[in-house]
Amino acid sequence: MNLNVWQFQHLISERLTRWSLFSIITGIVLLFVSRFWRGVGAQFIGWGVIDLGIAQFGSSAAERRIDALPDPN
C-alpha cells in the first residue's frame with residue numbers, strides 16, 4: 001500500500017476516532033457501575049471527547065491537503 005503523508009494522517013485520524021468513540025461508550029457504561037467506576041467513566045468520557053476533537057481536526061486538515069495535491073493522472 002502506497003500512502004502519502006496526508007493519506008497516512010487521515011488513516012491515523014480514523015483510528016483515533018474509533019478509539020475515542022470506544023472510550024466514550026465505555027465511559028457511559030462505567031457511569032452506572034459504582035461510585036469509583038463512575039469517576040473512571042467520567043475520565044474515559046472526557047478524554048474520549050478530547051481525542052475525538054483531535055481526530056476530527058487531523059482528518060479535516062489531511063483532507064484539505066489531499067485535495068490540494070496535484071492529480072497524477
Closest non-hydrogen atoms of S20 and D51, given as atom of the first, atom of the second and distance, are CB-CB, 3.7 Å
With sequence neighbours excluded, tell me which residues meet side-chain contact (heavy atoms from CB on, under 4.5 Å) with A42.
none
Verify the cluster assignment for W47 and I24: are they in a single hydrophobic cluster under the rule of side-chain heavy atoms below 4.5 Å apart?
no
Applying the 4.5 Å side-chain criterion to the ILVMFWY set and letting contacts propagate, would F57 and I50 be lumped into a single cluster?
no
For residues 22-43, which residue pairs qualify under ring pair (Phe, Tyr, Trp, His ring centres under 6.0 Å), counting only residues two or more places apart or in two chains?
W19-F22
Separation between CD1 (I54) and OG1 (T17), nearest 0.5 Å, reads 10.5 Å
Who are the side-chain contact (heavy atoms from CB on, under 4.5 Å) partners of R35, not counting sequence neighbours?
R38
Below 4.5 Å, heavy atoms only, C-beta onward: do V40 and V33 meet side chain to side chain?
no
Between S13 and G58, what is the shortest heavy-atom contact and its length?
OG-C, 3.4 Å
Nearest heavy-atom approach of S23 to G48 is CB-CA, 4.0 Å
Mind checking whether L11 and E14 have side chains closer than 4.5 Å, heavy atoms only?
yes
Let me confirm one number: the CG-CG distance from L16 to L52, rounded to the nearest 0.5 Å.
8.0 Å
Does E63 reach the main-chain N or O of H10 with its side chain, forming a donor-acceptor pair under 3.5 Å?
no
